Amino acid sequence: GAVVSQHPSWVICKSGTSVKIECRSLDFQATTMFWYRQFPKQSLMLMATSNEGSKATYEQGVEKDKFLINHASLTLSTLTVTSAHPEDSSFYICSASGGTGVDEQFFGPGTRLTVL
Amino acid sequence: GNSVTQMEGPVTLSEEAFLTINCTYTATGYPSLFWYVQYPGEGLQLLLKATKADDKGSNKGFEATYRKETTSFHLEKGSVQVSDSAVYFCALNGANNLFFGTGTRLTVIP
């Protein structure tokens, strides 16, 4: 099946710094990538949807200036958490889709962000 | 609105035991329903799906039936194996997005 990787798998940073998370589709071209956030014992919440070469579409309540998403190629999307604070600590998961339909998403293993 | 409620875990079973993980949903319209599985260290994988009422999705011995009258999509397996240990997520699609439950961690012991 299609493989999606994320890097890093975990990161610890100081409050006020920025952190970049990469999401790569390894064996297919991802026209659409999705970024989710998961708090402990809670659902995955969609943060934004990005299409290659265009601006990301953010869900209501997600600060676009804080969570910068770039989808510059068909195999790479990045999420940058700017000026991170402890409340941004969470598990971030990306998924990628090369076709139509929401069930054709292939998920990365996730990135654990801890902001001190 | 759209939401999914699934039973909280963790669930611990002995090998060959029967598994049920409950999932109920609230949705506008007629969504498709999904079960995803996440094995340790890996991303979520689609386990099975059903697109309309009374459909049964099945894969790897797991089954779930789309019950419109009870708004449910319970996951079942007749005989679990140690290799089934994972986190299971129920989900539905709405407004071209996936809405997930909180996940249920299953541990199967030999």
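Everything numeric here is computed off the predicted structure, so don't read it as measured data. Naming convention: chains lettered A, B, ... in sequence-line order (proteins, then strands); numbering from 1 in each chain.
The contact between A/L44 and chain B is made by backbone and side chain atoms together, counting heavy-atom distances below 4.5 Å. In this structure, chain B has a heavy atom under 4.5 Å from the side chain of A/Y36, while its backbone stays farther away. Neither the backbone nor the side chain of A/Q6 has a heavy atom closer than 4.5 Å to any heavy atom of chain B. For chain A, no part of B/E8 is nearby; none of its heavy atoms comes within less than 4.5 Å. At a 4.5 Å heavy-atom cutoff, B/F99 makes no contact with chain A through either its backbone or its side chain.
In this structure, the separation between CZ on A/F34 and CG on A/N51 is 8.0 Å, given to the nearest 0.5 Å.
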Practice prompt. Apply the test side-chain contact (heavy atoms from CB on, under 4.5 Å) to residues A/F91 and A/L113: give CA-CA distance (whole Å), side-chain angles for both, the deciding distance (0.1 Å), then the verdict.
Written response: CA-CA 6 Å; A/F91 195 57; A/L113 169 64; over 6 Å; no
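Between B/F100 and A/F107, the two ring planes are perpendicular [angle over 60°; tilted spans 30° to 60°].
Donor-acceptor pairing under 3.5 Å is lacking for the side chains of A/H71 and A/S77.
Annotation: side chain of B/L48 is not in contact with side chain of B/F34 (no heavy-atom distance under 4.5 Å). A heavy-atom distance below 4.5 Å is not found between the side chains of B/S85 and B/L106.
The residue from B/N22, B/T104, B/T102, B/T24 that alone fulfils the side-chain hydrogen bond (donor to acceptor under 3.5 Å, both in side chains) condition with B/Q6 is B/T104.
Looking at A/K20 and A/E22, no side-chain N of the basic residue comes within less than 4.0 Å of a carboxylate O on the acidic one, giving no salt bridge.
Using a 4.5 Å cut-off between non-hydrogen atoms, no part of residues 54-65 of chain B approaches chain A.
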